[in-house]
*Asks:* 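Dumping the structure here so I can ask a few things about it.
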Amino acid sequence: MPNAPYDYTAIEKKWQEVWEREKTFAASDDFSKPKFYTLIEFPYPSGAGLHVGHPRSNTAMDIIGRKKRLQGYNVLFPIGWDAFGLPTENYAIKNHIHPAVVTRENIDHFRQQLKMLGFAFDWDREVDTTDPAYYKWTQWIFLKLLEKGLAYKTEMPINWCTGCKVGLANEEVVGGVCERCGSEVVRKVKSQWMLRITEYAQKLLDGLDDVDFIEKVKSQQRNWIGRSEGAELDFEVKGLDEKLRVYTTRPDTLYGATYMVVSPEHPIIEKYKDRIENIDQVRAYQREAAKKSDFERTELNKEKTGVRLMGITAINPVNGREIPVWVSDYVLVSYGTGAIMAVPAHDERDWEFAKKFGLPIVEVVSGGDVEKEPYTDIADGVLVNSGILDGLNVAKAKQRMIDYLVEKGIGERKVNFKLRDWVFSRQRYWGEPIPVVWCEHCGCVPLSEDQLPLSLPDTDHYMPTDNGESPLAAMEDWVNTTCPKCGGPAKRETDTMPQWAGSSWYFLRYIDPHNDSCIGDAEKLKYWLPVDWYNGGMEHTTLHLLYSRFWHKFLYEIGVVPTKEPYQKRTSHGMILGANGEKMSKSRGNVINPDKVVEEIGADSFRLYEMFMGAFDQAIPWSTNGARGCKRFLDRVWRLMDMVTDDQGYSDGLMAEMHMTIKKVTEDYDSMKFNTAIAAMMSLVNSFYAAGSVTRGELETLLVLLNPVAPHITEEMWQRLGHAQSIAVSAAWPEYDEEKTKKDEVEIAVQICGKVRARLMTPATLTPGEAEAFFMARPEVKRLIEGKTVKKFVFIPGRLVNIVAV
RNA sequence: GCCGAAGUGGUGAAAUGGCAGACACACGGGACUUAAAAUCCCGAGAAGGAAACUUCGUGCGGGUUCGAGUCCCGCCUUCGGCACCA
């Protein structure tokens, strides 16, 4: 009697309820079992709900986790909400609903959508960054950073987003505009909380050698950290007791330094304003530079500009030559010393500037024509016009010059980083309050641990302000408090933390989410850390990933966590594009709604398609027909129940294919080649159909292999095959036997001079020694080489022979 | 400009230096059906040929090799990231 049709809606609902009721996927703190911690980036619960990109990453890690569970691991696959942040606050402002209410609604919606897709999350460990019980520990970490001198407040020019009315971290400014809203970013001097991530620059770089991150992520992090080696040295200023310090990666070219440049913000201008003969002109230039946004300074204004500081002359320390000092905005105040020695012969920027302003170009490395273009090759090139360095290659000359600078007390070796300290404060309402107060007597006083969490006060006035003050500043009842140290009157800090704060340590909280006395129990942290496998978007490589590594390294050093690195392995998924090949967006009208897809083909088919559509790390356009094809495959799997026999084993005819498929799927899941794993299972099912029947043993193996991708249908079929318990607890990952993956006979392609001319069945055991005699005796081969001389015979077992005959 | 990835049928794509196009989608044909849908079976890179088969074919040009989509050299294009970082 045929089975009922595949009613995915009922089946999926049924099993989601079973998993929830029986807590099938709860991780246990049984330290005797091997553990595996799989992690996805916890979603920001936006008002738009889940998009089809979320399930791509989630399904991938769900597959890895479910497979590991079937292989006997204690798997932790948690979920939570990165719920602070601007979009929620903006939505709240627009619709006059409190951000906390909006957040709760959005989370409820997301939770329901994720459950609909059947991810094997441990829902008992859900965390929410906006929950005071959670952000108590975010604030606690901040206090520790403050205590160790890694958090500080300073006046500095920050990236001010004119749209969001908030300061941004460097990492949040993309192409001169706000990463989030696209508005212009201008520089604004404000007092800001900063985190000294630069202190960890070298450690963040070194740590990359110990982890298994995809190369793209490593190189982007290295690039962002931007380590360079060189020297810092002083140039004396003629007639003044003053030295101008520069950083250079090319100390070897010092003899070719024909002028210097300081950034418009360099203090020497202010200090010698009375001496600079053209100070008005310089001031005008400074004002122009200050007005320009970073975008204009970099993108639109490649053309060099500058003004000479008349009356200021520097002396090249190695040859005593007097050289002019200029001010130009191509020198950045924020990097190195804010001043450079210019070597126009061997640096593109300096060359361009020298050409424009008619400054001398002196060749000190031979190999190019420095009048025509700068010669920047450091590989082969020999020093000339360089006194003590003449005749040396660049590498040796660098070394020699640094030794000389040290010997003469002019300078020393120096390593620089592009990485800047992290601008940590935001002038917005919907974030973690920074737990310090400002006391008239004691200055900045941190709250004590027992005063945490410092809750966000409830208010209806959470609009951002034009003057750049946090909305919290207007809440006098909350702001006015007493100093924890002296008990006198004090005011609370009113800036809040950026969204990156809560996400910098959330993976730790999953390990012990309800612990009220510390971040997490030490034994549990020791057992579960590091995260074994973390998948997420490339857009977080220089933001979240770098920030959280920084916090983790800090927590390691103060003894809170047991590992130097938070994540052992990091992979990344490709974006899902609209059917037209463009990025999905509301404005393009090409957004696919997961709810609709699940309604039409079911969660299993949806998951299957997301994994089958193409290589996991590449961007792929959505195809509704492709998704339907996956539904068709599950229909075929379902109907296998109409042709199943009672045989527990594998049939002889399919023995090799069964073992080969187990091997292929096992290996492909581990290397995230989900598309080919699924293709192998499709082929297997095609073989079952071709055979006209499937044994119970074969079907059960298929169900276990397919379970990580399509958990509901496989559970249902497993149960219908007579199993009382969930496949997740009653099945084991199938084993394969390498020997049995081989067939008795194999088809060998016969090439003559590299072209396939015939295909012959041969015993699989044919050895290279026997091959030549075997093939030469075959009539098909004889005919092909008739009248020719065999020059060479190549045999590749199991694949082909190539007979070179002329 | 620098760093990284990628260019393969009508489409999404497979392929430890070893039979290019697995597996799907779309398409065409057949079976079943009064009919349609669903399902099952078959076909299919291009050109030529009635067919056996032949030639060409993985962005372009060279090279290494018995053999190259894959390795090397030189280009072109696309997409990501970084970019006046001295």
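As the structure is a computational prediction, the values presented were derived from the model and not from experiment. Every chain is numbered from 1, with letters handed out A, B, ... down the list of sequences.
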*Asks:* I'd like the P distance from B/C56 over to B/G62, given in whole Å.
*Replies:* 15 Å
*Asks:* Report, one pair per line, the protein and nucleotides 2-4 of chain B atoms (nitrogen or oxygen only) whose separation is under 3.5 Å.
*Replies:*
none

*Asks:* Please state the P separation for the pair B/U11 and B/A26 - nearest whole angstrom.
*Replies:* 15 Å
*Asks:* Taking only side-chain N and O atoms of A/Tyr335, does any of them lie within less than 4.0 angstrom of OP1 or OP2 on B/A86?
*Replies:* yes
*Asks:* Do NZ/NE/NH1/NH2 and the carboxylate oxygens of A/Glu600 and A/Arg628 come within less than 4.0 Å?
*Replies:* yes
*Asks:* Where the side chain of A/Lys418 is concerned, which of B/C82, B/G18, B/U54 is the nearest nucleotide?
*Replies:* B/C82
*Asks:* Enter the distance from A/Ile323:CD1 to A/Leu359:CG here, rounded to the nearest 0.5 Å.
*Replies:* 10.0 Å
*Asks:* Got a sec: does the CD of A/Glu348 have more than 12 other heavy atoms crowding it under 6.0 Å?
*Replies:* no
*Asks:* Identify whether any heavy atom of A/Val804 sits under 4.0 Å from a base atom; if not, whether one sits that close to sugar-phosphate; answer base, sugar-phosphate or nothing.
*Replies:* sugar-phosphate
*Asks:* P atom, B/U65 versus B/C72: distance in rounded Å?
*Replies:* 16 Å
*Asks:* Is there a side-chain contact between A/Lys673 and the phosphate of B/A15, meaning an N or O under 4.0 Å from OP1 or OP2?
*Replies:* yes
*Asks:* How close or far is atom P of B/G12 from atom CD1 of A/Ile620, stated in whole angstroms?
*Replies:* 9 Å
*Asks:* In whole Å, what is the span from the CG atom of A/Leu800 to the P atom of B/C66?
*Replies:* 15 Å
*Asks:* Assign each of A/Phe612 and A/Gly798 to its nearest nucleotide of RNA chain B by heavy atoms, then name whichever residue's nucleotide is nearer the 5' end.
*Replies:* A/Gly798
*Asks:* Quick one: label A/Arg227 by what it contacts on the DNA or RNA (base, sugar-phosphate, nothing), any heavy atom closer than 4.0 Å.
*Replies:* nothing
*Asks:* For nucleotides B/G4 and B/G9, find the distance between their P atoms and express it as a whole number of Å.
*Replies:* 27 Å
*Asks:* For nucleotides B/U39 and B/A50, find the distance between their C1' atoms and express it as a whole number of Å.
*Replies:* 35 Å
*Asks:* Any chance you could measure A/Phe633, atom CZ, to A/Trp638, atom CH2, to the nearest 0.5 Å?
*Replies:* 14.5 Å
*Asks:* Tell me the interatomic distance from A/Glu747, atom CD, to B/C19, atom P, rounded to whole angstroms.
*Replies:* 12 Å
*Asks:* When you measure only distances, ignoring hydrogens and angles, does the side chain of A/Arg799 come within 3.5 Å of the base of B/C19 through a donor and an acceptor?
*Replies:* no
*Asks:* Output the rounded distance in Å from NE2 (A/His573) to P (B/G80).
*Replies:* 16 Å
*Asks:* I'd like the P distance from B/A13 over to B/C66, given in whole Å.
*Replies:* 36 Å
*Asks:* Walk me through it: do A/Glu41 and A/His544 pass the test side-chain hydrogen bond (donor to acceptor under 3.5 Å, both in side chains)?
*Replies:* CA-CA 10 Å; A/Glu41 285 165 350; A/His544 160 65; 5.0 Å; no
*Asks:* Do A/Asp252 and A/His346 make a side-chain contact, defined as non-hydrogen atoms from C-beta onward lying under 4.5 Å apart?
*Replies:* no
*Asks:* Suppose we call two aromatic rings close when their centres sit under 6.0 Å apart. Are A/Tyr259 and A/Phe357 close by that rule?
*Replies:* no
*Asks:* Quote, to the nearest angstrom, the C1' distance that separates B/G45 from B/A36.
*Replies:* 33 Å
*Asks:* Which of the following nucleotides, B/A86, B/C19, B/C82, is nearest to the side chain of A/Trp224?
*Replies:* B/C82
*Asks:* Dot-bracket for RNA chain B: what is it, with Watson-Crick or G-U pairs under 3.5 Å, [ ] where a pair crosses earlier ones, and | for a pair to another strand?
*Replies:* (((((((..(((.....[....))).(((((.......))))).((((....))))..(((((..]....))))))))))))....
*Asks:* For A/Lys243, is the NZ atom crowded, meaning more than 12 foreign heavy atoms sit under 6.0 Å from it?
*Replies:* no
*Asks:* OP1, OP2 of B/C82 versus side-chain N and O of A/Arg222: anything below 4.0 Å?
*Replies:* no
*Asks:* What does A/Lys755 touch in the nucleic acid at a heavy-atom separation under 4.0 angstrom: a base, only the sugar-phosphate, or nothing?
*Replies:* sugar-phosphate
*Asks:* Measuring from A/Lys673:NZ to A/Asp617:CG, what's the distance to the nearest 0.5 Å?
*Replies:* 11.0 Å
*Asks:* Start with the C-alpha gap between A/Ser228 and A/Tyr335, add the side-chain angles, then the distance that decides, and say whether side-chain hydrogen bond (donor to acceptor under 3.5 Å, both in side chains) holds.
*Replies:* CA-CA 11 Å; A/Ser228 73; A/Tyr335 185 78; 3.1 Å; yes
*Asks:* What nucleotide among B/C19, B/A14, B/A86 has an atom nearest to a side-chain atom of A/Ala615?
*Replies:* B/A14
*Asks:* Per the atom types in the model, does the base of B/C84 pair as donor or acceptor with the side chain of A/Lys304 at under 3.5 Å?
*Replies:* yes
*Asks:* Whole angstrom is fine here: how far is it from NZ in A/Lys398 over to C1' in B/A86?
*Replies:* 12 Å
*Asks:* Should B/G9 be called syn or anti, with syn set as within 90° of 0?
*Replies:* syn
*Asks:* Does A/Ser228 have a side-chain nitrogen or oxygen under 4.0 Å from the phosphate oxygens OP1 or OP2 of B/A86?
*Replies:* yes
*Asks:* Would you kindly give the CD1-to-P distance between A/Ile601 and B/C25, to the nearest whole Å?
*Replies:* 12 Å
*Asks:* Ignoring backbone atoms, test whether A/Arg632 places a side-chain nitrogen or oxygen under 4.0 Å from the OP1 or OP2 oxygen of B/C25.
*Replies:* yes
*Asks:* Just by distance, with hydrogens left out, do A/Thr59 and A/Glu610 show a side-chain donor and acceptor under 3.5 Å apart?
*Replies:* no
*Asks:* Select base, sugar-phosphate, or nothing to describe what A/Arg636 touches, counting heavy atoms under 4.0 Å on all strands.
*Replies:* sugar-phosphate
*Asks:* Please report the interatomic distance CG(A/Leu634) to CZ(A/Arg607), rounded to the nearest 0.5 Å.
*Replies:* 11.0 Å
*Asks:* Once you round it to whole Å, what is the distance between P of B/A14 and CZ of A/Phe616?
*Replies:* 14 Å
*Asks:* Check RNA chain B against residues 674-689 of chain A and give the residues with a non-hydrogen atom under 4.0 Å, in numerical order.
*Replies:* A/Asn675, A/Thr676, A/Ala679, A/Met682, A/Ser683, A/Asn686
*Asks:* Between B/U58 and B/U8, how far is it from one P atom to the other, in whole Å?
*Replies:* 11 Å
*Asks:* Are OP1 or OP2 of B/G67 and a side-chain N or O of A/Asn802 less than 4.0 angstrom apart?
*Replies:* no
*Asks:* Could you pull out the closest heavy-atom pair between A/Pro797 and A/Pro768, with the gap in Å?
*Replies:* CG-CG, 4.4 Å
*Asks:* What is the separation between atom CD1 on A/Ile796 and atom C1' on B/U16, rounded to the nearest whole Å?
*Replies:* 12 Å
*Asks:* Could you pick out which residue, A/Gly336 or A/Ile748, lies toward the 5' side of RNA chain B when each is mapped onto its nearest nucleotide?
*Replies:* A/Ile748
*Asks:* Do other residues, nucleotides or ligands put more than 12 heavy atoms under 6.0 Å from A/Lys791 NZ?
*Replies:* no
*Asks:* After noting the C-alpha distance and the side-chain angles of A/Asp350 and A/Tyr330, does the key distance pass the side-chain hydrogen bond (donor to acceptor under 3.5 Å, both in side chains) rule?
*Replies:* CA-CA 9 Å; A/Asp350 298 345; A/Tyr330 86 87; 2.7 Å; yes
